[in-house]
Amino acid sequence: MTDAFADDLPTELTRVLRNVEGVHTVYATRPVVPTVLASVAEAVRREPVGMHQVSVEGSGADIRITANIGVFDGEPAPDVCRRAHDAIVDHIVGRGDPQPVAVTVRVGRVG
Amino acid sequence: MTGSDDTRRPRPDGGPSPLDEAAFEGHSIESLSDYLDRDRQPADPTIESSPAAQHALAALARLRAVAPRVLASEADSYEFPHDHWITRILDQISVQVRAGRDIPVAHDVPTAVLSITEGAVRGVVRDVGDGFAGMLVERVRLDGDIESPGARAVVTVDIVTFAGTDVAAVGEEFGRAVRSALAKHTELSVTDVVVRVRDTGLTDEEVRDR
Amino acid sequence: MSPLFPRSPLHDADDHAVASRAADGDVRAFEVLVRRHGALVAAYAARIVSPGDVDDVVQDTFISAWQDLPSLEKPAAVRSWLITVATRKSVDRLRAKRDQSSINEHDVEDSADGPAQTAVASSLDEALSRALSALPEDQRRCWVLREVAGLGYQEIADELGLPVTTVRGLLARSRKALVREMEAWR
């Protein structure tokens with residue numbers, strides 16, 4: 001695994017999540033450059049420069065993914081949450097990589 | 001609130017001030033000022049029996065009474081240099097500090113760690129309340145071991161109702177709507193939705209929905 | 001006759017409701033609080049720190065308030081609570097300036113950076129406001145911390161880094177000046 005892989009995946013996964021039916025926002029899990037922000041700012045439908053939304057830890061067969069999302073209230077939030085999880089797993093497996101050890105998806109806002 | 005003070009004009013010579021006297025029965029302005037701040041305890045008979053000292057204390061007490069008004073009127077006329085002082089604040093607050101506990105969402109994949117936050121659930125309940133005229137949700141509390149899958153929970157919602165609202169009816173309808181929204185968006189087993197009402201101007205009452 | 005149900009209930013709701021919602025995480029409610037009390041915090045801070053620092057104190061105050069709102073026991077008292085927070089932030093800034101002990105920080109104490117000045121004070125409030133601006137800064141700070149923030153002598157002494165006896169003297173002098181102004185309006 002190259003460094004380029006580690007840098008690209010969070011961005012890719014963020015894009016994947018944004019395209020999931022029912023997801024309206026992907027929130028930051030932590031800033032890339034901690035000094036840029038005093039606290040983790042809520043990214044509402046905009047993409048602050050230097051901010052990874054989805055966090056990826058580990059590499060190779062030991063990847064752990066964490067995402068915070070906001071969903072529309074039309075469907076049950078658990079359904080959208082499961083759909084978001086599946087989209088992440090499908091994307092990783094789809095590019096030929098091993099299945100992640102853990103995928104954490106947290107719904108932080110409904111509606 | 002500003003009342004008759006606004007129509008008066010200052011006397012041109014300023015006039016005598018109750019605090020002009022250098023000494024009041026041997027007490028300085030400093031000690032009188034201190035005496036006021038100690039709420040006149042313990043009572044000092046020499047101060048209490050001196051008309052000049054009493055005069056001075058009365059003036060100091062008047063000044064104290066007026067203090068909040070001075071600041072309030074300054075606030076009324078305060079102008080911020082630009083409008084984005086508000087966005088600067090809002091940009092730096094983190095909603096995630098209100099996230100609270102993670103309420104599990106089930107999935108048949110063992111590597112999935114899915115949840116909805118307590119904060120999100122509070123937002124759901126607030127949104128339900130926003131759909132009801134004549135009331136506003138104030139606080140939402142979830143009691144129970146909600147971090148365990150399918151846990152039983154008691155939801156307590158504090159609401160405020162406005163004049164003219166049928167408190168009992170709204171409380172019941174709202175409670176039902178909350179139960180329904182939680183059933184949709186969480187996998188909690190909600191045993192009770194307790195709606196506590198602060199009726200503006202009247203006493204609180206509890207409406208329990210079973 | 002006013003409508004029974006306000007059109008924008010959050011905007012018109014009392015401090016208890018708005019502060020409670022903000023404590024629970026409602027950002028819109030928090031924004032209502034900021035708009036409602038921001039000017040008071042600014043006017044108050046302006047009496048303690050130099051004009052250039054007021055904006056930062058306002059910001060620090062509300063960011064801190066967001067953090068601590070859930071622990072506020074009486075949401076209805078949020079306004080006076082914000083003054084308490086602003087006091088802490090203002091004093092922190094004074095202390096930081098003192099520690100820097102930079103000559104450049106010498107306050108061109110254009111201390112009349114209170115409200116806009118008109119030719120003649122048209123009300124008691126305005127006259128007192130001006131008199132407050134005219135006080136030397138240590139006197140003004142003592143008075144504001146005592147009368148607005150309700151701090152005790154020792155607390156003021158600790159916050160300003162002065163002996164208690166000095167605080168007592170400054171307070172007395174500030175009161176003498178302000179009472180003179182106030183009595184002229186009776």
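Each chain gets a letter, A, B and so on, in the order its sequence line appears, and its residues count up from 1. Just so it is clear, the values below take in all heavy atoms, side chains as well, and ignore hydrogens, waters and symmetry mates.
- Within the 4.5 Å cutoff, the side chain of B/Arg198 has heavy atoms near those of the C/Asp14 side chain.
- Between B/Val97 and C/Gln67, the closest side-chain pair of non-hydrogen atoms falls below 4.5 Å.
- In this structure, B/Leu63 CG and C/Ser174 OG are separated by 8.0 Å, a value rounded to the nearest 0.5 Å.
- Within the 4.5 Å cutoff, side-chain heavy atoms of B/Arg62 are placed close to those of C/Glu183.
- Contacts of B/Leu90 with chain C are made by side-chain atoms alone, with heavy-atom separations under 4.5 Å and no backbone atom involved.
- Distance check, rounded to the nearest 0.5 Å: CZ of B/Arg64 to CZ of C/Arg146 gives 5.0 Å.
- Interface remark: B/Arg122 contributes side-chain atoms only to the contact with chain C (heavy atom separation under 4.5 Å).
- Heavy-atom distances place both the backbone and the side chain of C/His16 under 4.5 Å from chain B.
- Contact annotation for C/Arg28: only side-chain heavy atoms (C-beta onward) come within less than 4.5 Å of a heavy atom of chain B.
- Closest approach of B/Ala67 and C/Trp143 over heavy atoms only: CB-CH2, 3.6 Å.
- The part of B/Asp130 that comes within reach of chain C is its side chain, from C-beta onward, which places non-hydrogen atoms under 4.5 angstrom from that chain.
- Within the 4.5 angstrom heavy-atom criterion, only side-chain atoms of C/Val54, from C-beta onward, approach chain B.
- Considering every non-hydrogen atom in both B/Trp85 and C/Gly38, the closest pair reads CH2-CA, 3.8 Å.
- Applying side-chain contact (heavy atoms from CB on, under 4.5 Å) to B/Leu71 and the options C/Val148, C/Val144, C/Leu128 leaves one that passes, C/Val148.
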Kindly indicate, with the supporting measurements, whether the criterion salt bridge (Lys or Arg N to Asp or Glu O under 4.0 Å) is fulfilled by C/Arg47 and B/Glu74. CA-CA 10 Å; C/Arg47 290 322 200 167; B/Glu74 289 184 359; 2.6 Å; yes
